[in-house]
Every structure is written in C-alpha cells, then in structure tokens.
Student: 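Once you've had a glance at the structure underneath, I'll fire off some questions.
Naming: A, B, ... by sequence-line order, numbering from 1 per chain.
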There are 2 protein chains.
Amino acid sequence: MSENVGRWLRDEIENSILSNEFRPGEKLDEMVLATRFGVSRTPVREALMQLDAIGLIEIRPRRGAVVIDPGPHRVYEMFEVMAELEGLAGSLAARRLDKASRDAIAATHSRCEQSASAGDSDAYYYDNEEFHKAIYAASRSAFLEEQCAQLHRRLRPYRRLQLRVRNRLSTSFSEHSAIVDAIFAGDGDEARRLLRGHVGIQGERFSDLVASMAAR
Amino acid sequence: MSENVGRWLRDEIENSILSNEFRPGEKLDEMVLATRFGVSRTPVREALMQLDAIGLIEIRPRRGAVVIDPGPHRVYEMFEVMAELEGLAGSLAARRLDKASRDAIAATHSRCEQSASAGDSDAYYYDNEEFHKAIYAASRSAFLEEQCAQLHRRLRPYRRLQLRVRNRLSTSFSEHSAIVDAIFAGDGDEARRLLRGHVGIQGERFSDLVASMAAR
DNA sequence: AAATTAATTCTTGTATACACGATTGTTGAA
DNA sequence: TTCAACAATCGTGTATACAAGAATTAATTT
C-alpha cells in the first residue's frame with residue numbers, strides 16, 4: 001500500500017469504480033468504506049475529495065457521494081476529445097521521434113501483433129494500452145502525456161467492451177500498423193488523421209457502444 | 001461563501017494561486033491557512049487534496065503542500081494542448097451551430113471589438129474570455145466545454161501577460177473576426193486551423209512568454 | 001571550526017468527538 | 001387511505017486530540 005492511507009484509498013476506490021465494482025449512480029457511504037478498509041472516516045473523505053476533483057464521483061453537500069454515470073452521449077464526447085489528444089500526440093511523435101521512442105513503439109507494436117494473431121483479446125487489451133502509452137511518451141510533451149493517460153484510464157471500461165466486438169482485434173492491429181508507418185515516416189498529419197480515426201467512435205461503433213452500455 | 005467550507009476554501013486557495021498571490025514553489029502550511037480563514041485544519045486539508053488532484057499543488061507525504069511551478073516549457077505544452085482542444089471546439093461549433101450559440105458568439109465578439117478599439121486591455125481580457133467560452137459552449141460537447149474551461153482557467157495568468165505585448169489587442173481581435181467568419185460559414189476545418197494558430201504560441205511569442213515569466 | 005549525532009520542536013496523518021442538516025418513520029387529522 | 005407534521009435516526013461537516021515522521025537546533029566529537 002502507498003505511503004499514506006488517503007492516497008492508497010483513492011487508488012483503491014478509483015479502481016473499484018473503473019472496474020465497475022462500484023456502479024454508476026451507486027452511493028458511497030463513508031462509514032461503510034471506512035470499516036471495509038479498516039480505517040477511520042478521515043482518509044476516506046480525503047480520497048473521496050480527490051475523486052470528486054477528478055470527476056469520477058460527485059459529492060453533493062450533506063447528501064453524500066455517488067459514482068458519476070457518464071451515459072452514452074458523454075462517453076462519446078470523451079472519446080471525441082481522446083481522439084483529438086491522441087492525434088496531437090501522434091503528430092508530435094512523428095516530428096520529434098528519437099531512437100528510444102521508436103524502439104518503444106516498435107516493441108509494443110510487435111507485442112500487439114503476437115496477441116492479435118493468437119486471438120488473445122485479454123492480452124491484446126493490455127498490449128494495446130502499452131502501445132498507446134508509447135505514443136504518448138514519444139510526443140515528448142509531459143503534459144499531453146499525462147492528459148492522455150488520465151483520459152485513457154477513464155475510458156478503459158468502455159474500450160474493453162469495444163474489443164469484444166467481432167473482428168475488432170485484427171482491424172485494430174492493422175490500424176496500428178498504418179499509424180506506426182506514418183510516425184516512422186515522420187508524417188505528422190497522416191499520423192494525426194489515422195489516430196483520430198482509430199480512437200474516435202464513428203458510425204455503427206457508436207451504436208455498439210450504446211448497446212453494450214445499456215446491456216449492463 | 002459556498003455551502004461547505006471545504007469547497008469554499010478550494011476556490012479561495014485556487015484563486016490565490018491563479019492570481020499569483022501564492023507563488024510557484026511556495027509552501028502552503030495547513031495551520032497558517034486554517035487560522036487565516038478562521039477554520040480548523042480539516043477543511044483546509046480537504047481543499048488541498050482537491051487542488052492536488054487537479055494538479056495545482058503537490059502534496060509530498062509528510063512534507064506538506066507546495067504550489068506547482070510549471071515552468072516555461074510546461075506552460076508551452078499546456079498552450080499546445082489548449083490550442084488543440086479549442087480547435088476541436090471551433091470545428092464542432094462550425095458544424096453544429098444553432099441560433100442561440102451564433103448570437104452568443106456574435107455578442108461577445110462585438111464586445112471584444114469595443115474594448116479593443118478603446119484600447120482597454122483589462123476589459124478586453126475579460127471579453128476575450130467570454131468569447132472563447134461562447135465557442136466552447138457552441139461545440140455542444142459538455143465534456144469538451146469543461147475541459148476547455150478548466151485548462152483556460154489554469155492558463156489565465158500567462159494569457160494576461162501575453163495581452164500586455166505590443167499590438168496584441170488588435171491582432172487578437174482581427175484573428176477573432178476570421179474565426180467567427182469561419183464558424184458562421186460552417187467551415188469546421190478552417191475554424192480549427194485558425195483557432196490553433198490563435199491559441200498556440202509560435203515563434204517569438206514563446207520567447208515573450210519565457211521572458212515575462214522569468215521577470216517575476 | 002566543521003561535521004556528525006542526539007534531542008527537541010514542529011507539521012503532517014489519522015482517529016475520534018460533536019454539531020447540524022437530511023432522511024426516514026410515526027402519529028394524527030382530513 | 002392518504003397526506004402532513006413532527007420526532008427520531010442517520011450521515012455528513014467540522015473541530016479537536018493524539019501519534020509519528022520530518023525539520024531544526026543543540027551538543028559533542030574530531
């Protein structure tokens with residue numbers, strides 16, 4: 001566990017929310033959480049404050065904390081922004097690419113290839129994250145990298161749903177290949193364009209998302 | 001003051017940081033803040049937790065909170081992301097524009113015209129904010145609007161410095177005019193391109209920023 | 001005099017106590 | 001039976017108390 005209980009609780013509760021253990025709309029009772037984790041209310045409250053600031057929960061004065069339910073439309077908006085930020089990261093990566101970043105992207109890309117060809121969607125899910133993180137890092141913009149990583153985390157549950165869709169694995173991987181080519185060729189505009197398309201949710205993929213969200 | 005002390009303190013301290021009363025690197029002593037605002041340490045700590053989560057301060061375990069010093073390079077990175085998000089907002093606004101948003105943009109734009117022609121840089125500073133907020137709102141993406149507004153707030157002190165630069169007022173206003181034309185014409189790509197240029201810091205404007213930041 | 005170590009003070013982290021608004025349940029009247 | 005008013009209960013908001021680590025100062029040694 002982390003150096004202080006508050007921070008540890010923040011991560012713990014955040015994971016519980018992102019892994020859908022605490023459902024959207026669910027009330028988070030301070031006392032229940034405190035006894036569950038074997039601590040007092042004080043660090044629990046501090047954790048909740050932080051989660052409120054991040055936007056994962058909402059604390060209504062005197063009425064407790066509830067997990068925020070983004071709803072399909074807002075999730076769509078979040079993907080829209082994510083696509084834009086990843087596009088920027090890709091274009092910067094293409095322009096500023098150095099050897100270390102290039103190697104990191106190539107390595108994660110080939111790991112994606114293996115898990116995709118093996119049809120292992122759980123492994124691909126993980127490797128895919130590493131691939132995208134490698135691109136964020138290659139942008140050489142620490143702020144952008146943080147923003148991307150944070151939004152990426154928040155969208156994690158929905159991305160997981162998406163990978164379940166038929167053929168999504170091989171489609172995703174071939175898109176990755178094109179992105180890698182563009183970045184390695186130093187073509188920032190093309191990398192941006194491809195990443196926008198790769199990350200964003202267009203057309204029927206949006207109805208897939210809505211359907212899978214409604215199914216829970 | 002807000003309904004609960006913690007939230008009020010968060011806003012209060014946040015403003016003090018953004019208005020440069022609490023300087024980057026400065027230590028924020030819980031007891032000092034508590035006595036200053038006439039409250040106990042508890043709500044102070046909750047406020048600090050939130051500011052840490054937002055990224056305005058850093059709480060080092062057992063060693064207290066300090067105001068984060070972004071430094072010129074990171075501020076540049078933040079403007080880079082801001083430019084991208086505003087570009088997206090502008091392109092969405094152009095595509096989705098309705099009467100209400102159109103009127104709001106036109107109104108704030110004409111207010112900018114007045115303060116610019118009057119050479120009133122303080123008034124322009126305020127009207128400029130409203131103009132940009134009108135574009136965020138016109139994007140009809142609540143999430144994007146929030147992200148833009150938050151980053152806009154954080155960059156406020158640095159934008160204020162920029163407006164002091166010679167001729168910046170009239171230059172800024174004429175850029176606004178072109179942006180409004182593009183949005184009203186429904187030309188999303190052009191609106192995006194213009195906003196990126198308007199918000200981003202290119203060439204000598206970066207050295208101006210560095211110089212003005214170093215001057216403090 | 002400089003440096004290292006020990007002791008003291010100060011600040012943060014967590015628990016607990018208390019106050020007050022919100023919620024819920026009960027009683028009584030229409 | 002339904003609704004309203006009141007009472008009791010429960011949960012959150014804030015203050016205070018206590019424990020423990022970090023910073024600082026004093027003391028001792030080289």
Student: With ring pair (Phe, Tyr, Trp, His ring centres under 6.0 Å) as the rule and sequence neighbours excluded, what pairs involving residues 33-88 of chain B come up?
Tutor: Trp8(B)-Phe37(B), Tyr76(B)-Phe206(B)
Student: Between Glu86(A) and Ile135(A), is any pair of side-chain heavy atoms under 4.5 Å apart?
Tutor: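 No, every pair of side-chain atoms sits at 4.5 Å or beyond.
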Student: Please state how far atom CD in Glu46(A) lies from atom P in dT14(D), giving the value in whole angstrom units.
Tutor: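 Taking CD of Glu46(A) and P of dT14(D), I get 13 Å after rounding.
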Student: For Arg45(B) and dG13(D), what is the distance between atoms CZ and P respectively, to the nearest whole Å?
Tutor: 17 Å
Student: Which of parallel (below 30°), tilted (30 to 60°) and perpendicular (above 60°) describes His198(A) and His176(A)?
Tutor: perpendicular
Student: Quick one: are Tyr136(B) and His152(B) in side-chain contact, heavy atoms under 4.5 Å?
Tutor: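 With C-beta onward as the side chain, the pair touches.
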Student: Rounded to whole Å, please give me the gap between CG in Asn4(A) and C1' in dA20(D).
Tutor: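 Asn4(A) atom CG is separated from dA20(D) atom C1' by 13 Å.
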Student: Figure out the CZ/P separation between Arg41(A) and dT14(D), and round it to whole Å.
Tutor: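 One finds 11 Å between P of dT14(D) and CZ of Arg41(A), rounded.
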Student: Base, sugar-phosphate, or nothing: which does Arg63(A) touch, judged by heavy atoms less than 4.0 Å apart?
Tutor: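 The residue Arg63(A) makes sugar-phosphate contact but no base contact.
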Student: Quick one: Arg62(A) CZ to dC10(D) C1', roughly how many Å, whole number?
Tutor: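 Result: 12 Å.
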Student: Mind running side chain to side chain contact (heavy atoms under 4.5 Å, CB included) on Asn128(A) and His132(A) for me, showing each step along the way?
Tutor: CA-CA 6 Å; Asn128(A) 178 58; His132(A) 283 271; 3.2 Å; yes
Student: Under 4.0 Å from a heavy atom of chain A: give me the 5'-most and 3'-most nucleotides of DNA chain C that qualify.
Tutor: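 Contacts span dT14(C) to dT23(C), reading 5' to 3'.
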Student: Could you tell me the separation between the CH2 atom of Trp8(B) and the P atom of dT14(D), rounded to a whole number of Å?
Tutor: 11 Å
Student: Is the terminal nitrogen or CZ of Arg160(A) (NZ for Lys, CZ for Arg) located under 6.0 angstrom from the six-membered ring centre of Tyr125(A) and within 45° of that ring's axis?
Tutor: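 Arg160(A) over Tyr125(A) ring: yes.
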Student: DNA chain C: Pro61(A) or Ser40(A), which has the more 5' nearest nucleotide?
Tutor: Ser40(A)
Student: So, OP1 or OP2 of dC10(D): does either fall under 4.0 Å of a side-chain N or O from Lys27(A)?
Tutor: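 So the side-chain polar atoms of Lys27(A) never come under 4.0 Å of the phosphate oxygens OP1 or OP2 of dC10(D).
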